[in-house]
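Written below as structure tokens is the structure these notes are about.
Whatever order the structure lists ligands and atoms in, that order sets their numbers, starting from 1. We're numbering straight along the sequence, starting at 1. Bear in mind the structure is a predicted one, so any value in this text is a computation, not a measurement.
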Amino acid sequence: MRAEAKVSIVKCPSYSPSNLEKAFEQVCTNAGFPDVKGKKVLLKPNVLSDSSISDSITTNPELVRLAIRHCKANGAAEVWVGDSPGMQGKDFRPQKCGIWDICTEEGASWADFTADPDLVTIESTGTKIPMASAVRKADVVIGLCKMKNHQLMYTTGAVKNFFGTIPGLHKSQCHMHFPSREKFAELLVGIHETVKPDFSIMDAVVAMEGPGPANGSPRSVGLLLASDNDYALDTAQALIMGYDPNDIPVLAQARKKGLVPQKISYMDLDAGDCVIKDFVRIPYRKRTQFFSKLVLPFATRFLERKKRAKEARPVFGSDKCICCLKCVQICPAHALSFSKEDKRIVADYSKCIRCYCCHEMCPADAIKVENN
Ligand code: SF4
Ligand code: SF4
């Protein structure tokens, strides 16, 4: 276990170049930006779906611009930018969110994560899974994550950002093999430990509250964060959003493996002084001791499914639905179909594993996650 990690948190009231540049320089200096001289650098923003900047779903492109410039100014040999949304088609370009234009303007290359991925083994789970070959080819990997709620994992952030290195629809299959929050968190930690990123910068200038990671509301937080330890960074994020870090499944799994540093030193601002009390969080569902300690070890798949059935479920509204069928395509449990007669999505909740991939991918905000 690493004894101590540093997290830098500074105020950044807007994405105006002067505000962002000042905050960027400060977090990079104080949190220890890695040496990139002569190296190939992969920057990994969060491009969950290629959406408008104002939706606050993706990392702000101006942060990507500064990161590219910073790497070049510090002598990087090459700078690549890459991510892979769940429904990525051939030749995907992140144009709507502005990141493609930034790459072109700043002379960085877009790394297509679906092209020729490596088959890697996630040691902690023994899973063989495709992963973007850019991860292996890069000398330095830097996350450019976004502060957001996440319906399944409560928060997204630094560790989960690297789930995007798994190309396209391979991600939704992971939910089938790791259906519970705890198991999925174990996989995310395993993927993170395979990527072994060097540094992450978190865009919390405008975060997302409510039903994230795609259908929540932008929330002005006015902060930029950075660390060379993603578990420390996600701990700071959880505190600021008003969660107990112990309740965040990724951090709980990482703690079990001794990956969360014993002490976090805050440079600049302290996360405890930045807590947003009225941040609209995902309601936490506590696992009972009885279930986790006594029943679960003997539980059959049937019991696990029954447990999942009690979780909030996706509800499909027909008024906003544009019949794109993205939810049907991404659903790893084949729980969705389209009724041509009624022109609406029909869910078979007995198959649904509550992964919320459909909710993440819906471009029309036509799916709500509601308690049964
Ligand atoms: S219906 Fe939605 S939440 Fe249920 S398994 Fe399919 S994608 Fe996941
Ligand atoms: S993804 Fe959303 S808009 Fe598209 S078919 Fe499903 S519910 Fe309708």
Checklist outcome for this item: Atoms of ligand 2 under 4.0 Å from any heavy atom of Leu325, numbered from 1 in the order shown, are 4 (Fe), 5 (S)
Next on the checklist: As an exercise, state the distance from NE2 of His175 to OH of Tyr356, rounded to the nearest 0.5 Å.
Outcome noted: 11.0 Å
Item to check | Where ligand 1 meets Leu336 - atom numbers and elements under 4.0 angstrom, heavy-atom basis | outcome: 1 (S)
Checklist entry - Counting each atom of ligand 1 from 1 as listed, which ones have a heavy atom of Tyr356 under 4.0 Å away? => result 3 (S), 8 (Fe)
Next on the checklist: Please determine whether a side-chain nitrogen of the Lys or Arg among Asp228 and Lys6 lies less than 4.0 Å from a carboxylate oxygen of the Asp or Glu.
Outcome noted: no
Checklist entry - Hey, are Glu105 and Arg65 close enough for a salt bridge, meaning a charged N less than 4.0 Å from a carboxylate O? => result yes
Checklist entry - Taking the non-hydrogen atoms of Pro314, is any one of them nearer than 4.0 angstrom to ligand 1? => result yes
Checklist outcome for this item: Ignoring waters, protein N/O/S atoms under 2.8 Å from atom 2 (Fe) of ligand 2 are Cys362 SG
Item to check | Pairing residues for Lys96 by the side-chain contact (heavy atoms from CB on, under 4.5 Å) criterion, not counting sequence neighbours | outcome: Asp50
Checklist entry - What residues join Leu336 in its hydrophobic cluster, counting side-chain heavy atom gaps under 4.5 Å, either direct or through other members? => result Val315, Phe316, Leu325, Val328, Phe338, Ile345, Tyr349, Ile367
Checklist entry - Just checking, any donor-acceptor pair under 3.5 angstrom between side chains of Asn30 and Asp268? => result yes
Checklist entry - salt bridge (charged side-chain N to carboxylate O under 4.0 Å, His left out) with Glu21: which residues, sequence neighbours excluded? => result none
Item to check | Test applied, side-chain contact (heavy atoms from CB on, under 4.5 Å); reference residue, Glu62; option that passes from Ile102, Asp203, Val205 | outcome: Ile102
